[in-house]
Amino acid sequence: MAKKILIIDDEPNILRVATIRLSKAGYEVVTANDGVKGLELAKTVQPALILLDLSLPELNGSDVCKLIKMDDKLKHIPVIVLSASAESIKDKALSIGADDYVIKPYEPAELLSKIEQYFYVKK
Amino acid sequence: MKKLTIRRRNIIYIVAILTLTLTVIAWYNAQNIVKYEVKEYVNDHVDEFSLSIDLNTIKYVNTLYGLRALFAASKFVERNEWKEYITKLNVETRFPGIVSFEFTRYVKQVDKNKFEYTVRNDTSLTPKGYPDFAVYPKGERKEYYVVDYIEPFEENMIVFGYDRGIDPVRLEAMKRALESGLPVASKTIQLKRRNNEPGVLLLMPIYKKYLSHRTKEEQQFAIEGFVTIVIHINQLMKTTFSNRDFHEFVLVISEDNTNIPVNNLLYVSDKDSFDKVVKSNKDTHIIKPLNICGQNWYLHLYARPGVKLAPSNSNPLMVLLSGFCISLVLLILTWIITMSEQRAVQLADDMTVELNIQNKKLQDAVNNWAATYNAMIDGVSIHSADNNILIVNDAMCELLSKSRAEIVGKKCYEIFHNSNAPIALCQAKVSMSVLKTTHDEWYDSLLAKWLSVYISPIFDSKGNVERFVHVIRDITERKYAENVIIESMRVRSQFISAVSHELRTPLTSIKEGIGLVLDGTVGEINAEQKELLEISKSDVDRLHRLINDVLDFSKLESQKTEFKIQEGNLNDLVKRVAKSMERVIQKKGLDLKLDLDNSIGNIQFDYDRITQVMNNLFNNAVKFTEQGTISVSTVYDKDKKSVAVHVKDTGMGISETDITKLFKEFQQVGTFRKTGGTGLGLAISRQIIEGHSGKIWAGSVPGQGSEFVFTLPAG
């Protein structure tokens, strides 16, 4: 059964190309275009991994990540921050409890390898 | 010794003239006093002399009366009686000066022969009589006054028979006697018998007995003759004054009453001294008239020089001498004083000149200082150690918007901090404790100005802080400008950050879209489509790098980037970067040569950032080299304590003018643009290396290759 990946991003174009990229790679993709929806979806869908943009309407990415990591039912889910902001994203990602980060525009190979490594561990 | 000035010479001349004049005046006065005293002295004595003469004269005149008595007592006085009477008078002893006693007989013309006869035959004294007797001078005259009786006779025989009537002087005296009936003195005559020395006749008329002689006619008729005394004045006077001392005086008797009697001198007590004494004592001599039987004589009494006087301070010679001595002493004193005064004045003048020069210098210095500190844009004030403001310049007044009077004398904390006591964070205290200039900047809310303050202590000779110099500059504008710059930098950085973020987002979907199509994930594409998409992908990647570099450069430029400086091995870094480039180098058919200096120990640097620089340099080298070798070497310079990394290629090289532009942003030179570079790589590298306090530069020989070098501090 294909792994479920939740992508939370307010950019529909990005959601679309990312969905195609990950679907073709064999993942089941669920998307949310704001933080609140993303958080609810995470709870309901229980994805295997979350790709999280930091600049989100309603609830920003940082808070979403923190809430996920505070939620006992969700905190086991790896969160990879996907951000266009180049401002010390590494530090930022670590500070909010994210597991990894990828800078936009991402290299497809880099993104896929970072996702895969969590599932290899699981396997 | 310097010459006296004319003014001082004049002083000496004046003193000399004054003292000499005073001396002369004193001498003159002393002389006058002495003259006066001498005159007084002479005056005191003149009466003694005149009295002697008077007494003697009376004595002599009395003999005339005696002789008249003889005639009165006798019916006819015979020649022998005359002799006898005279002899008994003891003429020589009692009446010195009398040449002779004579009886001058009045003979009328008609009686002359009879008279001559009588005398020739007078044998009363000599038995022969006087056979040669004749009246002389010969000649017939109306009347004769013949010298008849003479006693003593022998010495005076010459006048025996002499007619006195022919001599006007004698005749006049006899006429006078005849009229007065009294003793009469003749004017002075020359005594032939005494070498023509002056003499005088004392006469008294003898009238015939019983004849009246009240009228002139009666007298003329009754006259018998004249008893006559011939006096040798000189001898008379000598006798008169035989007992007198003439040491002090010179006595002159003259018929002349002028000051210097030269004519008709009857007697001079000291002929040798006459000229000298008389002429030099004309002011002090006393003239006293003498009346000798109707004749006016004058007694001149002169004091001899150096007449002994009562002790007096007024010795003119002493006055003169002491005057001259005093003058001399005064003159010398004046000269000495004047000389010393001149020296003192000269010294004072010199000192004054020197002082004026120094004053001028000082004034210049003060003026220069005042002009300088007032011309300063910075506010300057000098404070005492106990915080009193002593001096402020114009700029300080302007800065504080106060007049100088409002500032000077106040405590500095009153003026600068609007406080009643020194504030806790007083900068002067800091300056005093560290004993050197301190600097601070603050915003003064009262003045609404940013101030830059330098406080420097001024030390006294013992090294204690005596004063402070405050130099205050209004840096409000600078601060505003700085803030504007900082703000603008921040805004720019924020803007670039935001822009890059906004650019990245669409770029993500473009890039992924192209990628998905290109790698065939969403379906087969033909060769032409693939070529186009690959061009698009290449430029999207380039756009991506460009955005990254712009952001990076912006952050570095705004110095927002904090380097993560850690200890690391530079050689390892070089090796790792070289390794990562290996594939590209090989692919291009180039050689890689590493020459690493193992003496480099671990040094401090930001690993990622230096890696970024190395990548940039490596990439450039590979990019612009078509064949040959990429040489990378590291060199440790012990002296400069630095490590240098050289990246050398055998590429196309860079022209000299382009080299200078290399490290500026967006300065792609030559063919760079064709290579897909962003134009920011070397600018970013420069920012990074300079951020590490290192240097980066390049050298090139066009056509042969380039060499890029950067250094990092080591140790």
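Chain naming here is simple, since letters A, B, ... match the order of the sequence lines and numbering starts at 1 in each.
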Any chance you could measure [X], atom [atom1], to [Y], atom [atom2], to the nearest 0.5 Å?
X	Y	atom1	atom2	value
A/Asn13	B/Thr508	CG	OG1	10.5 Å
A/Leu54	B/His501	CG	NE2	8.0 Å
A/Arg16	B/Ser509	CZ	OG	12.5 Å
A/Ile14	B/Leu507	CD1	CG	9.5 Å
A/Glu107	B/Asp541	CD	CG	6.0 Å

Q | side-chain contact (heavy atoms from CB on, under 4.5 Å) evaluation trace for A/Tyr106 with B/Lys511 | A | CA-CA 8 Å; A/Tyr106 58 83; B/Lys511 185 174 175 168; over 6 Å; no
More than 12 heavy atoms of other residues, nucleotides or ligands under 6.0 Å from [atom1] of [X]: yes or no?
X	atom1	value
B/Lys695	NZ	no
B/Glu531	CD	no
B/Glu567	CD	yes
B/Lys530	NZ	no

Q) So do A/Pro105 and B/Glu512 actually touch side chain to side chain, heavy atoms under 4.5 Å? A) no
Q) Is it true that A/Lys24 and B/Asp519 make a salt bridge, defined as a side-chain N closer than 4.0 Å to a carboxylate O? A) no
